[in-house]
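The sequence lines fix the lettering, A, B, ..., with proteins before strands; numbering per chain opens at 1.
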2 protein chains.
Amino acid sequence: MTASRALRGAADVSEANIEKVLRAAEEIGYVTNHLATSLSSQTTNLIGVVVPSMSNVVFAEVLAGISDAIQQSGKQPVFGISNYNAEVEQDIIRDMLSWRPSGMIVTGLEQSEQSRKLLAGAGIPVAQIMDIDGEAIDINVGLSHADAGRDMACALMKLGRSKFAYIGSALNKDVRARKRMEGFRAELEKGGLSLVTSRIDDEFSSLPLGRALTAELLQSGVDVDCIYYSNDDMAAGGLFATMAAGIQVPQRLLLAGFNGLEFLEGLPVRLATARSPRRQIGKEVIRILLEAIKHPLAPEQRRLVFHPEIDLGDSSF
Amino acid sequence: MTASRALRGAADVSEANIEKVLRAAEEIGYVTNHLATSLSSQTTNLIGVVVPSMSNVVFAEVLAGISDAIQQSGKQPVFGISNYNAEVEQDIIRDMLSWRPSGMIVTGLEQSEQSRKLLAGAGIPVAQIMDIDGEAIDINVGLSHADAGRDMACALMKLGRSKFAYIGSALNKDVRARKRMEGFRAELEKGGLSLVTSRIDDEFSSLPLGRALTAELLQSGVDVDCIYYSNDDMAAGGLFATMAAGIQVPQRLLLAGFNGLEFLEGLPVRLATARSPRRQIGKEVIRILLEAIKHPLAPEQRRLVFHPEIDLGDSSF
DNA sequence: GTGAAAGCGCTAACAC
DNA sequence: GTGTTAGCGCTTTCAC
């Protein structure tokens, strides 16, 4: 017992014993057994975090935000990757819960029925991040992707564009990209316009894919003056297709993406985009979750909505 | 006991009881307590994985490779991010070991003395990945970055280039980038050449940084016909700087990076690079680690060396 | 095929 | 300030 107390830095242990214990621990290379600690104390320092992908910089940055924010709290994040697959996600959630984490963070609002049940029944704070277009289980931190699409459509129409195309990918898997697209289209229709054409692939978004789909669209000869992409990677690929085709961006053709990734700043043309607050979402969800672990939160404290800022880049002339 | 056996799918339980137990578990929303399972059975299904960063696509892909490969094994990866900081890394390692994982994977060979001691004393297989230039604790899967630098220098000299510059970043933190640079320089010297100039920033590599450093170098008016970058992101940024300056790549100026990232394929010019086998490293290290968990491995089975293939892209004329 | 006993390595609660 | 007792939720072992 004295050793246990000394190692935890608990009060009421004599200086002499503290030193003795610490030295002995050092000597034998003692490493706490967290399994026993947690089982005994009925509490862990674990926070489960499930994201759909890590190759996508967006989630890498959310995780970085989470890592940073959690640093001083004594909690430890445990990451899981669902590959945009609800069944995989459910398995991961089940597995994480079996480690009795003190909080959970999952991406988006579209979990399986079973996943929602598991999370709701776990008796711990649960946060859903990135998206707010839907009903949350508990804590919800993110932005409206439908609105993001609408806002971009609105801004582009204001710039005088009228012949719109959409280029995206894997919309069946990436729900949030789909919501942006739908918001975009809805707003166009409100303005009396509609998409002239679109290209949607099943693969995941990437720069080469954006380039390929754009090249294809340009070659088809359809007359458009603006392309809205599912995200910045795709839009950057589009830029290179236009360069190869000798088309002036943004003068003759305006390209717009989503996320406001850092690498856009290095491109030859500053494309239009909307900055998603990725690190901030990570930071804030941890802040709220840690509070929720301490004591129950009022409904209004359990919801945080960000409004991504549109950046028209070189297109704002 | 019967319940425990039924839930684990163990043999020797009557059909009737299996069904009864499963139904009851479903009904009350039972979730295994892995803390108790692992404490009791003296074994976990955890594999600790420590990487320096996740914003860097390279590590995101290694982790993806690990995730894929581990899928069917019943093991579960637990990821930690060290931020290129040996002290943070040590804390993470210590923390992970306290959960009694059945194996550990860490990035690079440059752990702190204490970290090495912890890992070596944990009594579990330990794999160090990405780099092989140094002494490994146990399992080692990766490539020689010094050789990668040398090979690229060799290839570029063969193309007739002679006035070399180097542009890199955060070399004090990114040991492997430093090793490539040193290998590169050593090979140049072997060929009777040396770096005409170099630009090295403290920030982490990024496309905008590559662009800025390259623009600066171009403006300085130094005469070079080839730039070797710390990696592809930096090189791509360099490409945009040359485009802005109206310099023909690769004719007048050859740009070379490292990693062979997918997005290079979307760029206006296919830059020179060397493909690092990122997913493969993830896949293979899991294969070896899982074997090592089953039974001790011979020294030659504990080491796997990859030889990155040089791709000169449009520079190979 | 099922159950009883012991124990994994810790901590909570209480006595001294 | 220190030690004792009991127990966290499982699994292992052995008896029946």
Side-chain angles (χ1 to χ4, degrees), chain A residues 1-46 48 74-76 78 93-104 118 121-124 293-294, chain B residues 1-46 48 74-76 78 93-104 118 121-124 293-294:
Chain A
M1 255 332 291
T2 299
S4 169
R5 283 197 265 255
L7 287 168
R8 279 181 289 159
D12 286 348
V13 183
S14 70
E15 285 293 329
N17 272 338
I18 291 182
E19 203 151 312
K20 250 203 275 184
V21 169
L22 258 37
R23 198 174 28 246
E26 175 68 44
E27 203 168 315
I28 62 172
Y30 173 83
V31 179
T32 316
N33 187 331
H34 252 144
L35 298 168
T37 307
S38 299
L39 179 62
S40 170
S41 65
Q42 310 263 55
T43 144
T44 66
N45 63 348
L46 268 26
K75 303 283 180 207
Q76 213 207 326
V78 179
I93 289 173
R94 176 163 223 114
D95 212 273
M96 282 187 170
L97 289 179
S98 74
W99 292 100
R100 300 295 187 266
S102 45
M104 282 287 294
L118 282 169
I124 55 174
I293 289 171
K294 275 190 247 150
Chain B
M1 257 331 294
T2 299
S4 170
R5 284 196 265 253
L7 288 167
R8 278 179 291 157
D12 284 349
V13 183
S14 69
E15 285 293 330
N17 271 338
I18 290 182
E19 203 151 311
K20 249 203 273 185
V21 168
L22 259 36
R23 201 178 20 251
E26 177 66 43
E27 203 168 315
I28 62 171
Y30 173 83
V31 179
T32 316
N33 187 331
H34 253 147
L35 297 167
T37 306
S38 299
L39 178 61
S40 169
S41 65
Q42 311 262 57
T43 143
T44 67
N45 64 348
L46 268 25
K75 304 281 181 209
Q76 213 206 326
V78 179
I93 289 174
R94 181 168 218 111
D95 212 273
M96 282 187 170
L97 289 179
S98 74
W99 291 100
R100 301 294 187 265
S102 45
M104 283 286 296
L118 282 169
I124 55 174
I293 289 172
K294 275 190 248 152

List the residues meeting side-chain hydrogen bond (donor to acceptor under 3.5 Å, both in side chains) with B:Arg94, not counting sequence neighbours, and say none if there are none.
none
Counterpart residues, side-chain hydrogen bond (donor to acceptor under 3.5 Å, both in side chains), relative to B:Thr43 (two or more places apart)
none
Which of parallel (below 30°), tilted (30 to 60°) and perpendicular (above 60°) describes B:Trp99 and A:His34?
parallel
Outermost DNA chain D nucleotides near chain A [under 4.0 Å, heavy atoms]:
D:dG1 to D:dG9
Please find the pair of heavy atoms, one from B:Leu97 and one from B:Met104, that lie closest to each other, and give the distance.
CD2-CG, 3.9 Å
Could you run down nucleotides 7-16 of chain C 5' to 3' and tag each one B, S or - for protein heavy-atom contact under 4.0 Å?
BBBBBB----
Straight-line distance of B:Thr32 OG1 to A:Arg100 CZ, nearest 0.5 Å:
7.5 Å
Rounded to the nearest 0.5 Å, the CG atom of B:Leu22 sits from the CG atom of B:Leu7 at a distance of 6.5 Å
Main chain of A:Thr44, side chain of A:Ser102: is a donor-acceptor contact present, judged purely on distance under 3.5 Å?
yes
Could you check how far CG of B:Asp12 sits from P of C:dT2, rounded to whole Å?
9 Å
Shortest non-hydrogen contact between A:Leu35 and B:Leu39, atoms and distance:
CD1-N, 4.2 Å
B:Asn17 CG to B:Asp12 CG distance, which is reported to the nearest 0.5 Å:
12.5 Å
Residues two or more places apart in sequence or in another chain: which of them pass side-chain hydrogen bond (donor to acceptor under 3.5 Å, both in side chains) with B:Ser41?
none
Through what angle, rounded to 10 degrees, does the axis of the helix from C:dG1-D:dC16 to C:dC16-D:dG1 turn between its ends, using five pairs per end?
30°
